[in-house]
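Reading through the structure tokens given below for one structure.
Values below: all heavy atoms of this structure, side chains included; hydrogens, waters and symmetry mates excluded.
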Amino acid sequence: MRKLPKILSVLLASAVVLSACSTGSDGQSSEGSSADTKEITVWAWDPAFNIAAMNKAKEAYAETNPDLKINVVENAQADIVQKLNTGLNSGSTKGLPNIVLIEDYRAQSFLQSYPDSFFKMGDLINAADFADYKVGPTSVDGEQYGVPFDSGVTGLYVRTDYLEQAGYKVSDLQDIDWNRYIEIGKDVKEKTGKAMLTQDPNDLGIIRMMAQSAGSWYTTEDGQTPSIADNAAMKAAFETYKQLMDSGIVKVISDWSQFVGGLNSGDVASVPTGNWITPSIKAEAAQSGKWAVVPLPKLPGVEGATHASNLGGSSWYVMNVDGKEAAAEFLAKTFGSDSDLYQTLNKEIGVIGTLKAASEGEAYKAEDEYFSGQKVVSDFAALTEQIPNVNYGLNTYAIEDILVVAMQNYMGGKDLDSVLKDAQSQAETQIR
């Protein structure tokens with residue numbers, strides 16, 4: 001997915017049973033069958049990516065079931081979050097869609113807060129067919145609800161020309177940690193005058209990347225208990241972040257346009273982020289042949305640290321409302337199993353899906369001329385299989401709001417252990 005501006009975390013509410021329908025013993029709605037449904041509605045954001053992908057799925061499914069009308073409605077992600085919470089809290093299904101796209105970081109907030117509001121997909125798709133790390137956010141207590149969609153697999157995009165000017169080759173950035181990355185960044189800055197990366201101090205996506213690459217998260221494995229003060233990966237991520245910001249190799253930015261502008265204008269020599277940035281990089285045709293992708297640096301000194309991580313990503317969900325059977329069948333036969341569809345999505349939109357079979361297709365194995373013939377998608381697909389599976393829990397953004405302030409305190413000179421201990425206490429109080 002393309003990176004979106006950070007928005008407020010989902011406001012959790014007590015689980016409700018929808019008044020518009022009763023619930024059977026299997027947790028599914030006992031409304032009348034909707035197998036003969038002729039029309040369904042989908043909510044999603046980003047017309048150039050998610051909505052474009054859904055429209056391609058519509059085209060593919062029309063060959064199987066031309067009678068089903070699929071209305072795709074664009075909403076900002078923040079509006080989807082608000083509308084779902086408002087509708088589900090009210091106990092009424094009126095106005096809710098049949099299918100909705102939910103960011104993986106937010107999925108558990110909805111699935112656990114409204115346990116009877118989403119349709120179980122376990123009988124229609126095989127969770128094992130998807131990247132392991134996507135199953136956690138899309139399931140609860142062994143029940144599969146979401147259809148995993150795009151991969152937020154991360155990598156380090158690098159300007160090969162700047163590296164060469166500083167005396168380095170792309171191979172010099174393979175299998176490195178963040179300390180070595182900073183050293184190389186200093187040489188690049190000295191030799192070329194270019195910053196190594198951009199960073200928005202109010203966006204800690206880089207901390208998320210670092211934490212998950214080491215198999216850790218803001219909470220423990222239960223997804224509820226804050227894990228900050230005694231979290232070795234979190235401490236290493238904070239230390240690494242401060243070293244980056246103090247090293248003089250960072251161009252400070254404040255929004256998405258400045259982020260994209262920095263890489264398109266040639267102001268930075270590398271971009272550690274999710275694969276969804278590829279279309280934005282390739283939008284600057286004059287830089288063709290000047291970029292390569294290598295695995296993310298790993299956290300130094302952390303046992304089990306890897307080069308694979310995730311940033312963003314989302315999945316499709318069927319609401320437990322009238323028409324659910326038709327909606328579920330549509331998802332199962334498209335995003336849930338159609339590897340040919342994912343070839344189209346990759347070639348025409350740039351989607352890297354998490355359906356394992358898709359990685360064997362021609363589009364995933366193709367060389368990319370823009371990246372000097374590198375098989376970028378294939379490399380990302382291989383990294384996707386290595387991403388550590390963590391439980392994002394219910395409070396990713398609520399805790400991150402606390403960590404933004406904690407990071408400012410640490411950058412201002414406060415002792416790190418004290419900073420993390422204070423953040424732990426605040427998180428425990430806030431999400432109790």
Side-chain angles (χ1 to χ4, degrees), residues 1 10 12 15 26-29 40-46 49-51 53-54 57 70 72 75 77 80-81 83-85 88 96-153 212 217 223 310-321 323-338 341-342 345 351-358 384 387 389-394 396:
M1 68 178 272
V10 175
L12 298 180
D26 62 352
Q28 299 291 67
S29 167
I40 62 174
T41 298
V42 180
W43 285 359
W45 66 88
D46 194 344
F49 195 80
N50 300 315
I51 291 175
M54 177 55 71
I70 303 172
V72 184
N75 288 275
Q77 185 184 168
I80 290 177
V81 171
K83 289 179 179 179
L84 284 181
N85 274 309
L88 295 174
L96 293 179
N98 301 96
I99 296 172
V100 62
L101 185 70
I102 300 177
E103 186 185 34
D104 291 339
Y105 295 136
R106 302 181 185 278
Q108 289 295 310
S109 297
F110 286 107
L111 295 178
Q112 294 190 40
S113 296
Y114 312 106
D116 300 311
S117 300
F118 296 90
F119 189 75
K120 297 175 183 177
M121 293 294 295
D123 291 336
L124 295 172
I125 66 169
N126 183 1
D129 290 342
F130 296 87
D132 295 343
Y133 84 96
K134 290 284 276 194
V135 177
T138 58
S139 64
V140 176
D141 296 331
E143 292 284 358
Q144 187 66 32
Y145 290 91
V147 177
F149 176 41
D150 64 323
S151 169
V153 60
Q212 185 163 1
W217 199 242
N310 177 76
L311 185 63
S314 55
S315 301
W316 301 101
Y317 295 83
V318 175
M319 304 297 295
N320 202 17
V321 299
K324 55 189 175 294
E325 289 91 349
E329 181 179 353
F330 161 68
L331 283 184
K333 291 187 176 180
T334 53
F335 296 106
S337 60
D338 190 348
L341 171 62
Y342 280 101
L345 297 182
V351 173
I352 298 180
T354 51
L355 182 68
K356 293 176 182 178
T384 296
I387 296 174
N389 186 0
V390 300
N391 188 345
Y392 297 138
L394 287 71
T396 290

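Put simply, CG on Asp46 and CE on Met54 are 13.0 Å apart, with the number rounded to the nearest 0.5 Å. For the atom pair Gln144 CD and Ser315 OG, the distance stands at 8.5 Å (nearest 0.5 Å). Summarising the geometry, atom CG belonging to Leu96 is positioned 5.5 Å from atom CG belonging to Leu88; distances are rounded to the nearest 0.5 Å. Interatomic distance, OG of Ser109 versus CD of Glu103, reported as 10.0 Å (0.5 Å rounding). From Ser314, atom OG reaches atom CG of Asp104 across 6.5 Å, with rounding to the nearest 0.5 Å. Rounding to the nearest 0.5 angstrom, the gap separating the NZ atom in Lys134 from the CG atom in Asn389 is 11.5 Å.
Closest approach of Pro148 to Thr138, counting heavy atoms only: CG-OG1, 4.2 Å. The two residues Ala53 and Phe149 come nearest to each other via the heavy atoms CB-CZ, 3.7 Å. Closest approach of Leu111 and Pro137 over heavy atoms only: CD1-O, 3.8 Å. For the pair Asp338 and Lys333, the tightest heavy-atom approach, listed with the atom from each and the gap, is CB-O, 3.7 Å. The heavy-atom pair separating Trp217 from Asn391 by the smallest distance is CD1-O, 3.4 Å. Nearest heavy atom pair, residue Ala44 against residue Ile51, reads O-CD1, 3.7 Å.
Ion pairing of Lys356 with Asp132 is present here, as a side-chain N (NZ or NE/NH1/NH2) and a carboxylate O approach within less than 4.0 Å.
Inspection of the Ser151 and Asn310 side chains reveals no N or O donor paired with an N or O acceptor under 3.5 Å. For the residue pair Asp150 / Thr354, no side-chain donor-acceptor distance below 3.5 Å is found, with atom types taken as modelled. The closest side-chain donor-acceptor pair between Lys83 and Asn75 falls under 3.5 angstrom.
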Passes side-chain contact (heavy atoms from CB on, under 4.5 Å), Tyr342 versus Ile352? Steps please. CA-CA 8 Å; Tyr342 280 101; Ile352 298 180; over 6 Å; no

Applying side-chain contact (heavy atoms from CB on, under 4.5 Å), run through Leu101 and Trp43 and close with a yes or a no. CA-CA 6 Å; Leu101 185 70; Trp43 285 359; over 6 Å; no

Could you walk me through whether Asn85 and Phe110 pass side-chain contact (heavy atoms from CB on, under 4.5 Å), step by step? CA-CA 8 Å; Asn85 274 309; Phe110 286 107; 3.8 Å; yes

Criterion side-chain contact (heavy atoms from CB on, under 4.5 Å) on Glu329 and Leu124, from CA distance to verdict: CA-CA 7 Å; Glu329 181 179 353; Leu124 295 172; 5.8 Å; no

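Less than 6.0 angstrom separates the ring centroid of Tyr392 from the ring centroid of Tyr105. Here Trp316 and Phe330 keep their ring centres 6.0 angstrom or further from each other.
By the 4.5 Å heavy-atom criterion applied to side chains, Phe335 and Leu345 are counted as neighbours. For the pair Met319 and Leu84, the minimum side-chain heavy-atom distance is below 4.5 Å. Within the 4.5 Å cutoff, the side chain of Val42 has no heavy atoms near those of the Val100 side chain. For the pair Thr396/Arg106, no side-chain contact is recorded, criterion being any heavy-atom separation below 4.5 Å from C-beta on.
In this structure, Gln108 contributes its side chain and Gly136 its backbone to a donor-acceptor pair below 3.5 Å. No side-chain donor-acceptor contact under 3.5 Å links Glu143 to the backbone of Tyr145.
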